[in-house]
Amino acid sequence: MSTVETLSEHACFGGLQGYYRHASSECRAPMRFSVYQPPQAKGGPVPVLYYLAGLTCTEETFAIKAGAQRIAAELGLMLVAPDTSPRERLPGDDASWDFGLAAGFYVDSTEAPWSAHYRMYSYVTRELPALVAARFPARADAQGIFGHSMGGHGALVCGLRNPTLFRSVSAFAPISAPTECAWGRKAFAGYLGDDRAGWGAYDATLLVARQPHPGAILIDQGSADKFLLEQQLLPERFEAAARASGQALTLRMQPGYDHGYFFIQSFIADHLAHHARLLGC
């Protein structure tokens, strides 16, 4: 287990908001993450909720913009948010905003040069939970996952593929069918290669059609989201697949809301309450 370096810590609603760095064995590079420890963590382990952020974001975005700490303090939830990609520089990693740096898409890349560091799926589902369990007062038997946009895609995929690890799942405006949208096809071709046979392991719509999650899934989507209108998110395809497979799903279309963090702030309390119920808070 790698040593965790504390970058900064701040008192917040009776708990502690911290930012940390460690040497990742999965990504073979330093990785940063944030942790909010609610006041209940002073008395012992608490349920932990992982948040996966979207394109261009970092481990700081959710902690600063979502307004989640006050509610997490009331519910006794620990909040963990990793960075959105390794920061080990590769040629061309900043050539576009939707691929490379800050755009890891929560997959394990198989294509060079990305395969050397871009292993965000294994980082989120194996290394980071083990690190959090060893370093922080987190309950290993009560873990959930949620995210936004690219991170919503990651949360759905990680949750569906690891139902015993992540007992609760939700998403804000997720990229629901990445094999069928421009964002997903670009990322998957770059990270996973041109053989589409391997892409399905990271497509939430295809996954939920085969094996529903045992818990109910909550998704919020703004009706004024420009990326919804541009056919990047495709929540209706996930909804149809969930209905066919028997997945318990609440998909809420929120009139007038866009893709940003004002949207997330507006419904963050509902998502934390959803996870708290399933995690036994």
Side-chain angles (χ1 to χ4, degrees), residues 26-29 31 51-59 61-62 82-125 145-161 171-209 219 221-222 225-241 258-261:
E26 286 289 352
C27 298
R28 301 173 200 151
M31 287 293 293
Y51 177 86
L52 306 184
L55 291 163
T56 76
C57 294
T58 72
E59 78 287 350
T61 309
F62 174 74
D83 201 354
T84 51
S85 80
R87 299 288 164 167
E88 190 75 14
R89 298 307 303 268
L90 295 170
D93 63 4
D94 59 355
S96 59
W97 67 277
D98 57 355
F99 182 83
L101 214 59
F105 264 83
Y106 305 102
V107 303
D108 283 349
S109 177
T110 57
E111 296 294 299
W114 313 102
S115 56
H117 302 290
Y118 280 63
R119 294 183 51 80
M120 291 299 294
Y121 174 78
S122 288
Y123 181 73
V124 168
T125 60
I145 193 165
F146 71 146
H148 170 232
S149 193
M150 176 186 73
H153 138 74
L156 292 174
V157 168
C158 291
L160 287 165
R161 289 179 59 177
F172 293 96
I175 303 172
S176 299
T179 61
E180 301 302 325
C181 73
W183 274 346
R185 288 193 293 264
K186 177 179 179 178
F188 286 5
Y191 292 133
L192 304 174
D194 293 331
D195 185 359
R196 293 174 64 103
W199 294 10
Y202 299 104
D203 186 305
T205 294
L206 297 177
L207 289 170
V208 79
I219 295 177
Q221 172 63 62
D225 186 329
K226 68 176 183 177
F227 300 119
L228 174 71
L229 304 177
E230 292 174 2
Q231 298 293 301
Q232 294 281 25
L233 306 178
L234 305 174
E236 70 282 359
R237 301 197 186 187
F238 185 84
E239 183 179 37
D258 61 21
H259 198 70
Y261 269 81

Thr110: partners by side chain to side chain contact (heavy atoms under 4.5 Å, CB included), with sequence neighbours left out
Leu192
Side-chain donor/acceptor of Thr125 to backbone N/O of Tyr121, under 3.5 Å
yes
Should the pair Asp98-Lys186 be classified as a salt bridge under the 4.0 Å nitrogen-to-oxygen rule?
yes
Counting C-beta onward and ignoring hydrogens, is there a side-chain heavy-atom pair between His117 and Ser85 closer than 4.5 Å?
no
Show every salt bridge (Lys or Arg N to Asp or Glu O under 4.0 Å) that has at least one partner inside residues 189-203, sequence neighbours left out.
Glu180-Arg196
Do Phe105 and Trp183 have ring centres separated by under 6.0 Å?
no
Do the non-hydrogen side-chain atoms of Tyr261 and Phe172 ever get within less than 4.5 Å of each other?
no
Does Arg89 form a side-chain contact (heavy atoms from CB on, under 4.5 Å) with Asp94? I'd like the steps, not just the answer.
CA-CA 9 Å; Arg89 298 307 303 268; Asp94 59 355; 3.2 Å; yes
Between Ser176 and His153, is there a side-chain heavy-atom distance shorter than 4.5 Å?
no
Any residue meeting side chain to side chain contact (heavy atoms under 4.5 Å, CB included) with Ala171, in chain and number order, not counting sequence neighbours
Leu156, Pro174, Ile219
Correct closest heavy-atom pair for Val208 and Thr205 would be CG1-O, 3.4 Å
Measuring from Asp225:CG to Glu230:CD, what's the distance to the nearest 0.5 Å?
9.0 Å
Do Thr58 and Thr84 have side chains that get closer than 4.5 Å, going by heavy atoms?
no
Give me the one residue out of Trp199, Tyr118, Tyr106 that meets ring pair (Phe, Tyr, Trp, His ring centres under 6.0 Å) with Tyr191.
Tyr118
Quick one, Gln221 with Glu236, criterion side-chain contact (heavy atoms from CB on, under 4.5 Å). Give me CA distance, side-chain angles, the key distance, then yes/no.
CA-CA 11 Å; Gln221 172 63 62; Glu236 70 282 359; over 6 Å; no
Would you mind reporting whether Leu52 and Val124 have side-chain heavy atoms less than 4.5 Å apart?
yes
For a quick test of reading the model, state the closest non-hydrogen atom pair linking Asp258 to Gly260 and the distance between them.
OD1-N, 3.0 Å
Separation between SG of Cys158 and OH of Tyr202, rounded to the nearest 0.5 Å:
9.0 Å
For Ala204 and Leu160, work out which heavy atoms get closest and say how close.
O-CD1, 3.7 Å
Residue pair Arg87 / Leu101, side-chain heavy-atom distance below 4.5 Å:
yes
Between CD1 on residue Ile175 and CE on residue Met150, distance to nearest 0.5 Å:
7.5 Å
Please tell me if the side chains of Cys181 and Gln232 come closer than 4.5 Å, counting only heavy atoms from C-beta onward.
yes
Looking only at side-chain N and O atoms, does Ser149 offer a donor or acceptor that is under 3.5 Å from a partner on His259?
yes
Nearest heavy-atom neighbours spanning Leu228 and Pro235:
CD1-CD, 3.6 Å
Once rounded to the nearest 0.5 Å, what's the spacing between atom NZ of Lys226 and atom CG of Leu233?
11.5 Å
Distance-minimising heavy-atom pair for Leu55 and Ala103
CD2-CB, 3.4 Å
Atom of Arg119, atom of Cys27 and distance for their closest heavy-atom approach:
O-SG, 4.1 Å
With side chains defined as the heavy atoms from C-beta onward, is the minimum distance between His148 and Tyr51 less than 4.5 Å?
yes
